[in-house]
Amino acid sequence: MKMLVEKFLKDLKSIVEKDFSVELNFKDYEILSFTDFGDISTNISFQIAKSVKKNPLKIAEEISEKLAKDYGYKSEPVKPGFINIFFDDKEIFKECEKIVSGNRYGEKENNNKKVNIEFISANPTGPLVLVNLRAGVSGNMLYNVLKYSGYNVERENYINDAGNQIYNFGASILYHIAKNKPENFPENGYKGNYVKDISNKLKENIGEVEYNDEYIKKAADFGKEFILNWQKESLKKYSIDFENWIFESEVRKKYLDGVLEKLSEKGFTYSKDNALYLKTTLFGDDKDRVIIKSNGEYTYFLPDIAYHFYKTERGFERIIDILGPDHHGYIPRLNAAIKMVSERDIKFDVIIAQLVTIFKDGQKYEMSKRTGEFITLDELSEEIDPDVLKFTILSRKLSQPFNFDIEKVKEKSMDNPVYYVQYSYARLSSLFDKANTDIKDISFDYENFENIDLRKISKKLLEFPYIVYNLSDSYELQKVPNYLIELSSLINQFYHDYRIIDENRKEMIKKISVLFSAREILKIGLSLMGITIKERMYKDEV
RNA sequence: GCGCCUGUAGCUCAAUUGGAUAGAGCAACGGAUUUCUAAUCCGUAGGUUACAGGUUCGAUUCCUGUCAGGCGCACCA
């Protein structure tokens, strides 16, 4: 069943293509906007003005006329060249019916385009912290959003369980319990208290240990397992999930040699000063990068290439990495690597999730895994409702660094926008119980609203799918929470201004038909964000 | 020095990807409830969008320069 706006766009495009002979390759969001000037508006006249060589206003007039004549739309060309479109009330009611029909309104059918999203990928050497959560809830939401928009998505967490870091981690664990430990704590070791806990557990497990390579590896393995389980537990509290957990150790075994061979066969590598270089400059990098050091060890980059090769091998049309800001210099390299190892044209996007700075009592809270100074996700989830955290994080543009004051978030928790949205939902739920109605009682067959505020709400609902679709290109997830706040505001205003449960059952059901669908949109929106939906909410229960 | 991100109300952030009058929450002040949840609603105040130019029908958004902050520039990971 086509949505009202969807059908309009199709009709508009066919007018432009037929009567103006312009080939339209605009994305919907480039020509469509939801404003107060009409039910929807389009700037299409401006977009095609150059190629048509006409005045935008003139174009708008012509299109508007066609829209009326050929398709029966009510529209209005306006000042510089916008066209405002007005839908019949009857049709908007029909949209409400679609919203409550049981399927998720606006959700597209599977288009069989495979997308891979990698996020978090924290080293298995310590617990998860707030920056990981930002990537985690964002990646999870992006997954939901892309699925809604028809993509076939897989979430992936990459575990760096090989290389120097993990060795240092093993050494740090062993240090606390080995008899013949060295005088100094391992260089680049891990100092947090949790390391000592792991040491003690290891000792309980295998008894006396000596400080040598064999035991360091055992300690590293033990520590890795411990940390991974810990991380999984932490993620559970936020309902963050992955289809795939990929281990660097496996990738090294299975793909590294092949990739190395492939790169040299294609002539992308060369030796210099006993090291092996990759010609990443061929694909826009600043300089060529070392992949095998002069001492024979691999750099971090090589297994990463192998990993991304493994991604391309699985038939993804789009690959998305969510990385921290400290990795932005890494992007040209990865880009080049993907072009080198893949035979297909793959869309590769790196989303940089900017830093979150924690403030406590107005003081900046410095964190570092190495020194062991940090606040873990577990500690955060004890202090702050996970829904509050998610909403707060997702309301902010990923490209924007943000300051997170723990005390303030806690203080404000009562007035937090997440409760505002959840409350609107719960309020409607309880209203529907009292009204004692069912969707089956509603025909959605009304000629007009006779209530401008009711119409305002239902008009807002038409916008929702387009908010979500756009995210597949822009990745600006904050649009959804912002939209939900706006919708909730309309709902609360309406609730305040009008009596809904009424003697006049016909009037009541008319209002409820719209409110039912509004509640459904809130539900879809919250579920995309991974936020709990509450049927009941009372202040004293917090 | 080079690259990336950022600069919007007192604070935290938005602004339909160049659109029509730059908006929310918090904080401040004033008001609304015998009625379906006051976790609500209404109002007041708060802005030269860091600064200076440029591009065009139109700029918070794009370009150039300046200033300020964060991050990154390894044969570390």
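For the numbers below, each heavy atom of this structure counts, side chains included, while hydrogens, waters and symmetry mates do not. Chain letters run A, B, ... following the sequence lines, proteins first and then strands; every chain starts at 1.
- Taking only side-chain atoms of A:Arg499, from C-beta outward, the nucleotide of B:C36, B:G3, B:A77 with the closest atom is B:C36.
- Set against B:C73, B:A77, B:C57, the side chain of A:Tyr300 has B:A77 as its closest nucleotide.
- For the P atom pair drawn from B:U56 and B:A15, the interatomic distance equals 27 Å after rounding to whole Å.
- For A:Ser399, counting side-chain heavy atoms from C-beta on, the closest listed nucleotide (B:C5, B:U16, B:C76) is B:C5.
- Among the heavy atoms of the strands lying under 4.0 Å from A:Ser294 is at least one base atom, whether or not backbone atoms are also near.
- The side chain of A:Lys293 contributes an N or O atom lying less than 4.0 Å from OP1 or OP2 of B:C76.
- Among the atoms of the strands shown, base atoms are found under 4.0 Å from some heavy atom of A:Asp473.
- For A:Tyr538 and B:U37, the ring-to-base geometry satisfies the stacking test (centroid distance below 5.5 Å, interplanar angle below 30°).
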*What one-letter contact string describes nucleotides 10-15 of chain B from 5' to 3', where B marks a base within less than 4.0 Å of any protein heavy atom, S marks contact via sugar-phosphate atoms alone, and - marks no contact?*
-SSSSS
*Taking only Watson-Crick and G-U wobble pairs with both distances under 3.5 Å, what dot-bracket line describes RNA chain B, where [ ] shows pairs that cross earlier ones and | shows pairs with another strand?*
(((((((..((((.....[...)))).(((((.......))))).....(((((..]....))))))))))))....
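- Between A:Phe464 and A:Tyr483, the angle of the ring planes lies from 30° to 60°, which puts this pair in the tilted group.
- Mapped onto RNA chain B by nearest heavy atom, A:Glu535 and A:Glu30 fall at different nucleotides, with A:Glu30 at the one closer to the 5' end.
- Between B:C63 and B:C5, the distance separating the two P atoms is 10 Å to the nearest Å.
- Because its NZ or CZ atom is not both nearer than 6.0 Å to the ring centre of A:Phe268 and within 45° of the ring axis, A:Lys279 does not count as a cation-pi partner of that residue.
- Within the 6.0 Å centre-distance limit, the rings of A:Tyr498 and A:Phe494 are counted as a close aromatic pair.
- The shortest distance between the side-chain N/O atoms of A:Ser430 and the OP1/OP2 oxygens of B:C36 is not below 4.0 Å.
- Residue A:Ser424 is classed as having no contact, given no heavy-atom separation below 4.0 Å to the nucleic acid.
- Computed from coordinates, the A:His496 NE2 to B:U35 C1' distance equals 12 Å when rounded to whole Å.
- Considering only the side chain of A:Asp497, B:C41 comes nearest among B:G19, B:A24, B:C41.
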*Run the side chain to side chain donor-acceptor pair (under 3.5 Å) check on A:Ser33 and A:Ser41 step by step: do they pass?*
CA-CA 5 Å; A:Ser33 63; A:Ser41 304; 4.7 Å; no
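- Looking at heavy-atom distances under 4.0 Å, A:Ala426 makes contact with a base.
- Between A:Phe82 and B:G19, no base-stacking contact is recorded for ring centres under 5.5 Å apart and planes less than 30° from parallel.
- Within 4.0 Å (heavy atoms only), A:Asp433 reaches no atom of the nucleic acid at all.
- Side-chain contact of A:Thr280 with A:Asp285: a donor-acceptor pair under 3.5 Å is present, judged by distance alone.
- Note on ring orientation: taking the six-membered ring where Trp is involved, the planes of A:Tyr469 and A:Tyr148 are tilted (angle from 30° to 60°).
- When only modelled atom types and interatomic distance are considered, A:Tyr419 and A:Asp387 share no side-chain donor-acceptor pair under 3.5 Å.
- Counting heavy atoms from C-beta outward, A:Tyr105 and A:Leu461 have side chains that stay 4.5 Å or more apart.
- Using a 4.0 Å heavy-atom cutoff across all strands shown, A:Tyr498 reaches at least one base atom of the nucleic acid.
- What separates CG of A:Asp286 from P of B:A74 is a distance of 10 Å, to the nearest Å.
- Judged by atom type and distance alone, A:His327 does not reach the base of B:G72 through any side-chain donor-acceptor pair under 3.5 Å.
- Between A:Tyr190 and A:Phe169, the ring-plane angle classifies as perpendicular under the 30° and 60° cut-offs.
- Looking at heavy-atom distances under 4.0 Å, A:Tyr423 makes contact with a base.
- The nearest whole Å value for the distance from the CG atom in A:Asp326 to the C1' atom in B:C76 is 12 Å.
- Rounded to whole Å, the distance from CG on A:Leu431 to P on B:U40 is 17 Å.
- Note on A:Tyr330: a base of the nucleic acid sits closer than 4.0 angstrom, heavy atoms only.
- Two residues, A:Pro56 and A:Ser488, neighbour RNA chain B, and the one matched to the more 5' nucleotide by heavy-atom proximity is A:Ser488.
- You'll find the side chain of A:Ile509 reaches within 4.5 Å of the side chain of A:Asp441, heavy atoms only.
- Base contact: A:Phe46 has a heavy atom under 4.0 Å from a base atom.
- For B:U17, the glycosidic angle deviates from 0 by 90° or less, giving a syn base.
- Separation of the P atoms belonging to B:A68 and B:G23 is 32 Å when rounded to the nearest angstrom.
- Between A:Tyr469 atom OH and B:U17 atom P there is a gap of 17 Å when expressed in whole angstrom units.
- Remark: A:Arg519 qualifies as a cation-pi partner of A:Tyr425 under the 6.0 Å distance and 45° angle criteria applied to the six-membered ring.
- The closest side-chain donor-acceptor pair between A:Ser430 and A:Arg536, if any, does not fall under 3.5 angstrom.
- Taking only side-chain atoms of A:Leu355, from C-beta outward, the nucleotide of B:G70, B:C42, B:A77 with the closest atom is B:G70.
- Within the 4.0 Å cut-off from OP1 or OP2 of B:A38, at least one side-chain nitrogen or oxygen of A:Arg427 is found.
- One atom, CG of A:Leu334, and another, C1' of B:A77, lie 13 Å apart when rounded to the nearest Å.
- No cation-pi contact links A:Arg318 to A:Phe348, judged by a cut-off of 6.0 Å to the six-membered ring centre and 45° from its axis.
- With rounding to whole Å, A:Gln165 atom CD is found 4 Å from B:A77 atom C1'.
- When each of B:C71, B:A77, B:U16 is scored by its nearest atom to the side-chain atoms of A:His328, the top-ranked nucleotide is B:C71.
- Nucleic acid contact class of A:Lys511 (heavy atoms, under 4.0 Å, all strands): none.
- Rounded to whole Å, the separation between the C1' atoms of B:G19 and B:C62 comes to 14 Å.
- The same atom, P, is picked in B:U12 and in B:A50; the two are 15 Å apart, to the nearest Å.
- When each of B:U40, B:G70, B:A20 is scored by its nearest atom to the side-chain atoms of A:Asn492, the top-ranked nucleotide is B:U40.
- Using bins of under 30°, 30° to 60° and over 60° for the plane-to-plane angle, the ring pair A:Tyr330/A:Tyr300 lands in the tilted bin.
- Side-chain N/O atoms of A:Tyr495 include one lying less than 4.0 angstrom from OP1 or OP2 on B:U37.
- With both ends at atom C1', the span from B:A9 to B:A14 equals 13 Å, rounded to whole Å.
- Atom CD1 of A:Ile292 and atom C1' of B:C75 are 11 Å apart (whole Å).
- Straight-line distance between the P atoms of B:G47 and B:A24: roughly 16 Å, to the nearest whole Å.
- B:G69 and B:C26 have their C1' atoms separated by 24 Å, given to the nearest Å.
- A donor-acceptor contact under 3.5 Å is formed by the side chain of A:Tyr29 with the base of B:U17.
- Stacking between A:Phe34 and B:U16 is absent: the ring centroid is not both under 5.5 Å from the six-membered base ring centre and under 30° in plane angle.
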